[in-house]
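Single-structure report; data block below.
Model, not experiment: these values are computed from the prediction.
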There are 2 protein chains.
Amino acid sequence: MKYNYSDIPEVTVRRLSNYFHILKCLKENGVDFISSKQLAALAHTNAVSVRKDLSYFGEFGKKHIGYNVNFLMKEIMKILNISKTNKYIIVGYGNLGTAIAHFPGFKDENFLLKGIFDINKNKIGKEPIEGIKVMHIEEIDAFVKENKIKFAVLSTPMNVAQVTSERLSKAGIRGILNMTGRHIRVSSETLVFDINIVTGLEWLSYFVSKKGDKR
Amino acid sequence: MKYNYSDIPEVTVRRLSNYFHILKCLKENGVDFISSKQLAALAHTNAVSVRKDLSYFGEFGKKHIGYNVNFLMKEIMKILNISKTNKYIIVGYGNLGTAIAHFPGFKDENFLLKGIFDINKNKIGKEPIEGIKVMHIEEIDAFVKENKIKFAVLSTPMNVAQVTSERLSKAGIRGILNMTGRHIRVSSETLVFDINIVTGLEWLSYFVSKKGDKR
DNA sequence: TCGTGTGAAGACTTTCACAGCG
DNA sequence: CGCTGTGAAAGTCTTCACACGA
């Protein structure tokens, strides 16, 4: 069946990214085909959910056999718009920025780091990664426009999260991955995805303490 | 009205953690009272949702006035079970582990780092943070039991994520914050919260590319 | 038989609409 | 009035049940 993009649940998109990471892992281990049931088990969900999620975008499976791992990966990449390289920058090069710059997940997934920005004089000019220099934040605007950068990972200290995100939005950044732990408000032209590490522990704290109560 | 814990939406718990971070920020800025509408604006949601979320746990607001920031913070801390200190450990002390160990968000929120574990001989024995030594992963079991640690942040390389998480679960860890980017499967005794940075960029990639289509 | 794809039913969440109270 | 708390309606997402094909 054919769906309109507006019919597609948000959660589906997030799970798709999940499936993709699992498929990548399976491919590395030489798995060629996988059923919705097997994929579901690995993704902590259920088979129908997997099939439904995929069915929003097309019919990728073969009856009796399941899904071709490699083919399904390529289809998900098309859907997520990661078939071609997406350039991104890191803004705020402290511990977190360093971790992200070296995180192996990005390299294999067509996200290409193009620049790092900070305000610390001692960091600026250094080249922590082959070909990637740390630049002063004043240079962001020109750099983003010249290199047509769409995505930024925001890893500055909390107290400058808001002002920095506004600058990114004005420079033309279309998507901000906000890891500062502070909420930011930007123009509706720019999308924000929040990753808050502390929230993760709080969620665990709640559910661990509730275990034993009837559910 | 009184609700059973099983009636409470999962999303509500996650938003609660959000509200809490915002309230903390407001308190620092000297704000004493806030309406559901104001809080909603800061949390990227709407007023009814804020009130409904809170109403699952009690009646914390004052009509005509709104919510007392300090009081509401304390109530949310009770709900999330973070009124008393929660001890946690970091497992895998690479770039990401380092970033988490120094992340300011944890300290102010009653999450107390008690130990760091790795297998790298050059790291073991060091004391990167006052009072916190890096220990060998072999020591985890004894340490967790002796110090009654419930929570662990998993920041090892992907290829050892599964085996390490099993070890944590066996040692008695009740909640794992999984930042490895790999899916892990552990006994149902242990809860897992996944934070995958790459998923964030993929989500942004999808929605940025879909902007302009009717929604 | 085994596994996909999918309308329809059911469950869960959000939003509406309004009572209640300072 | 202005703002909270909450049943009920609307909307969204998940699960059921089954058609279909290898």
Side-chain angles (χ1 to χ4, degrees), chain A residues 1-19 23 26 31-69 71-72 75-76 79 203 207 214-215, chain B residues 1-19 23 26 31-69 71-72 75-76 79 203 206-207 210 214-215:
Chain A
M1 213 211 116
K2 198 56 187 141
Y3 291 88
N4 192 317
Y5 280 120
S6 55
D7 300 333
I8 296 161
E10 284 231 8
V11 270
T12 287
V13 178
R14 212 174 290 207
R15 278 194 300 257
L16 233 45
S17 165
N18 243 310
Y19 301 152
L23 292 167
L26 289 168
V31 178
D32 287 335
F33 282 89
I34 189 162
S35 69
S36 57
K37 197 173 164 185
Q38 292 168 299
L39 184 52
L42 295 167
H44 298 303
T45 179
N46 65 70
V48 187
S49 189
V50 169
R51 297 205 297 275
K52 195 100 214 185
D53 284 342
L54 296 172
S55 77
Y56 287 116
F57 300 95
E59 304 192 4
F60 306 130
K62 300 230 181 309
K63 315 206 174 199
H64 195 59
I65 297 167
Y67 301 88
N68 177 305
V69 170
F71 173 73
L72 189 54
E75 289 300 323
I76 295 181
I79 295 164
W203 185 95
F207 282 105
K214 68 170 161 300
R215 325 186 90 226
Chain B
M1 214 210 115
K2 196 61 187 138
Y3 289 88
N4 191 318
Y5 280 122
S6 55
D7 300 332
I8 296 160
E10 285 231 8
V11 271
T12 287
V13 179
R14 211 173 292 207
R15 277 194 300 256
L16 233 44
S17 165
N18 244 310
Y19 302 152
L23 291 168
L26 289 168
V31 178
D32 287 336
F33 281 88
I34 189 162
S35 70
S36 56
K37 196 173 166 184
Q38 293 168 301
L39 184 52
L42 294 169
H44 297 302
T45 181
N46 65 71
V48 186
S49 189
V50 169
R51 296 204 299 272
K52 195 116 222 177
D53 284 341
L54 296 173
S55 77
Y56 287 116
F57 300 95
E59 304 193 2
F60 306 130
K62 301 232 182 307
K63 316 204 175 200
H64 193 61
I65 297 168
Y67 301 88
N68 176 307
V69 170
F71 173 73
L72 189 54
E75 289 299 323
I76 295 181
I79 296 164
W203 186 95
Y206 176 87
F207 282 105
K210 291 303 164 283
K214 68 170 158 300
R215 330 185 87 226

pair Ile8(B)-Phe57(B): side-chain heavy atoms closer than 4.5 Å: yes
Check: Val13(B) and Phe207(A) side chains under 4.5 Å, non-hydrogen atoms: yes
Proximity to DNA chain C (any heavy atom under 4.0 Å), residues of residues 34-45 of chain B only: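 Contacts with DNA chain C under 4.0 Å: none.
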Side chain to side chain contact (heavy atoms under 4.5 Å, CB included) partners of Asn68(B), counting only residues at least two apart: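 Asn68(B) satisfies side chain to side chain contact (heavy atoms under 4.5 Å, CB included) with Phe33(B), Asn70(B), Phe71(B) once adjacent residues are dropped.
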Sequence-distant partners of Ser17(A), side chain to side chain contact (heavy atoms under 4.5 Å, CB included), two or more places apart: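 With sequence neighbours excluded, Ser17(A) shows a side chain to side chain contact (heavy atoms under 4.5 Å, CB included) to His21(A), Leu80(A), Thr199(B), Glu202(B), given in chain and number order.
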Contact under 4.0 Å: Tyr67(B) side-chain N or O vs dG5(D) OP1/OP2: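 Checking Tyr67(B) against dG5(D): at least one side-chain N or O falls below 4.0 Å of OP1 or OP2.
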Asn46(A) vs dT15(D): side-chain N/O to OP1/OP2 distance below 4.0 Å: yes
Compile the donor-acceptor pairs under 3.5 Å between side chains in residues 41-51 of chain B and protein atoms, sequence neighbours left out, one pair per line.
residue  : atom : partner   : partner atom : Å
His44(B) : NE2  : Ile184(A) : O            : 3.0
Asn46(B) : OD1  : Val48(B)  : N            : 3.2
Asn46(B) : OD1  : Ser49(B)  : N            : 3.0
Arg51(B) : NH1  : Ser36(B)  : OG           : 3.1

Between atom [atom1] in [X] and atom [atom2] in [N], what is the gap in whole Å?
| X | N | atom1 | atom2 | result |
| --- | --- | --- | --- | --- |
| Leu16(B) | dT13(C) | CG | P | 14 Å |
| Asp7(A) | dT12(D) | CG | P | 10 Å |
| Glu59(A) | dG7(C) | CD | P | 10 Å |
| Glu10(B) | dC13(D) | CD | P | 16 Å |
| Asp53(A) | dT14(D) | CG | C1' | 10 Å |
| Ile8(A) | dT6(C) | CD1 | P | 13 Å |
| Leu54(B) | dT6(D) | CG | C1' | 13 Å |
| Phe71(A) | dT4(C) | CZ | C1' | 14 Å |

Pair Phe60(B) and Tyr67(B), ring centroids less than 6.0 Å apart: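 Centroid separation for Phe60(B) and Tyr67(B): 6.0 Å or greater.
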Of Phe60(B) and Val11(A), the one whose closest DNA chain D nucleotide lies more 5': Phe60(B)
Residue Ser55(B), side-chain heavy atoms: nucleotide from dT13(C), dT14(D), dT6(D) that is nearest: dT6(D)
Interatomic distance, Leu72(B) atom CG to Leu54(B) atom CG [nearest 0.5 angstrom]: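 Answer rounded to 0.5 Å: 5.5 Å.
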Residues in side-chain hydrogen bond (donor to acceptor under 3.5 Å, both in side chains) contact with Asp53(A), at least two apart in sequence or another chain: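 Checked Asp53(A) against side-chain hydrogen bond (donor to acceptor under 3.5 Å, both in side chains); matches are Thr12(A), Arg15(A), Tyr19(A).
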Return the polar atom pairs (N/O with N/O) between nucleotides 16-22 of chain C and the protein under 3.5 Å, or none.
residue : atom : partner  : partner atom : Å
dG22(C) : N2   : His64(B) : ND1          : 3.3

Residues Val31(A), Leu23(A); criterion side chain to side chain contact (heavy atoms under 4.5 Å, CB included); working and verdict: CA-CA 9 Å; Val31(A) 178; Leu23(A) 292 167; over 6 Å; no
